[in-house]
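First comes the structure, then the notes that go with it.
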Amino acid sequence: SEEKGPDDFLVLRVLGEDEDSTVVLAKDIRTNKKYAIKILDKTKVIKNGKWDQVNKEKQIISKLYHPFFVKLEYSFKDDKRLFFVLSYAANGELEWYIQHYHCLSKECVQFYTAELVLALEYLSECDLVHRDLKPANILLSEEMHVQISDFGAAKSTVQESPLNVSPAHDQLENAFVGTAEYVPPEVLIGKASSSSSDLWSLGCIIYQMMVGSTPFYDPNEYHIFHKIIECDYQVPSAMDNDAKDLISKLLVVDSNKRLGSKNLGGFHALKGHPFFANINWKNLPNEMPPAMK
Ligand SMILES: NC(=O)Nc1ccc2c(c1)=C(Cc1cc(-c3cccc(C(=O)NCCN4CCCCC4)c3)c[nH]1)C(=O)N=2
């Protein structure tokens, strides 16, 4: 792609910020196209020991070509900062909609869960796991389709050759990442994460879209971890039976026994669940999403 630099863009507003980065809405001065530019301060990244993680995030996101993931359009740097020019998802975070509507209609949950299943299937085919899937990282495009963002916690599921992986590195690789309420049991006990780890987070997100709160929520983070390891969650009696059954097949402590895992027929078996009976899997990116309610 053509060389770009900070002077090619006009910053319009801040979209979000965290300890390591600021994401701004900007437009390409020549084309007027809008982008989300993730700006990282080099000194802060190095001071926080995040250099490797930032480079891994860039490597991973630059290989993703799928309609349900934000795309890395350009990257460049100046003497103080790193710039990742990413797709702009105009309708922001799924989190906002769940909070605004409290819980979503079954039709919306079926549609957005199906888009997330296709996204996770693609990640699995790329031997990648996101490891921090949550409604705040599930953005919505102008057309209200899913756009998964933030690969800061992502990793490859392909085992690195034992020659260059130290046990200490391996333990670090398995160190807890992600957000308490959505993190799978295997990560809490320091085991390696796999594509099935994102299936657990998907189960938490489906529950949250149906109920309005997460299955393992507790004001005390330690109690959240305990509930997760015990798979201790309550299901409202009014919940749709197919949704209840699907959630129960994803929130399984043994990662090899989650619907969608390789041992249980992979994503083909997950797509065949009755909750998706009315989903046309081939046409989702081109379908008009149901009105959010
Ligand atoms: N950590 C990361 O990598 N973060 C990223 C990466 C890529 C990216 C990213 C973050 C983006 C963040 C983002 C944030 C927003 C946003 C922020 C604040 C408000 C809104 C917004 O109003 N959205 C529409 C929802 N409205 C709310 C009001 C009523 C109508 C509907 C969007 C849009 N896009 C983005 O567009 N692309």
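Just follow the structure's listing: the first ligand is 1, and inside any ligand the first atom is 1. All of these numbers come straight from a predicted model, not from anything done at the bench.
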Please determine if E57 and K38 form a salt bridge, counting it only when a charged side-chain N lies under 4.0 Å from a carboxylate O.
yes
Got a salt bridge between D132 and K134, using NZ or NE/NH1/NH2 to carboxylate O under 4.0 Å?
yes
Using atom types as modelled and distance alone, determine if a side-chain donor or acceptor of [X] lies under 3.5 Å from a backbone N or O of [Y].
| X | Y | answer |
| --- | --- | --- |
| R81 | I39 | no |
| D198 | S195 | no |
| H223 | Y217 | no |
| S149 | N137 | yes |
| R258 | V252 | yes |

Which bit of [X] gets closer than 4.0 Å to ligand 1, counting heavy atoms only: side chain, backbone, both or neither?
| X | result |
| --- | --- |
| E93 | neither |
| L139 | side chain |
| F151 | neither |
| N91 | both |
| F84 | neither |

Ring centres of F267 and W281 under 6.0 Å apart?
no
Does any non-hydrogen side-chain atom of V85 lie less than 4.5 Å from one of K4?
no
Yes or no: does S87 have any heavy atom under 4.0 Å from an atom of ligand 1?
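S87 counts as a contact of ligand 1 under the 4.0 Å cut-off.
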Heavy-atom contact under 4.0 Å between A90 and ligand 1?
yes
Protein contact to [atom] [nearest heavy atom, distance to 0.1 Å]:
| atom | value |
| --- | --- |
| atom 14 (C) of ligand 1 | L15 CB, 3.8 Å |
| atom 26 (N) of ligand 1 | Y97 OH, 4.1 Å |
| atom 4 (N) of ligand 1 | V23 CG2, 3.9 Å |
| atom 16 (C) of ligand 1 | G92 CA, 3.9 Å |
| atom 18 (C) of ligand 1 | R13 NH1, 4.1 Å |
| atom 7 (C) of ligand 1 | L86 CD1, 3.8 Å |
| atom 29 (C) of ligand 1 | W96 CH2, 3.6 Å |
| atom 2 (C) of ligand 1 | K38 NZ, 3.6 Å |

Are any of the N/O atoms on [X], whether in the backbone or the side chain, positioned under 3.5 angstrom from an N/O atom of ligand 1?
| X | answer |
| --- | --- |
| A89 | yes |
| S149 | no |
| D150 | yes |

Any protein heavy-atom neighbour for atom 22 (O) of ligand 1 (distance below 4.0 angstrom)?
no
Within ligand 1, which atoms have a heavy atom of A36 less than 4.0 Å away?
8 (C), 35 (C), 36 (O), 37 (N)
Check the surroundings of atom NZ in K58: do more than 12 heavy atoms from other residues, nucleotides or ligands lie under 6.0 Å from it?
no
Minimum heavy-atom separation for F69 to A119, with atom names?
CZ-O, 3.3 Å
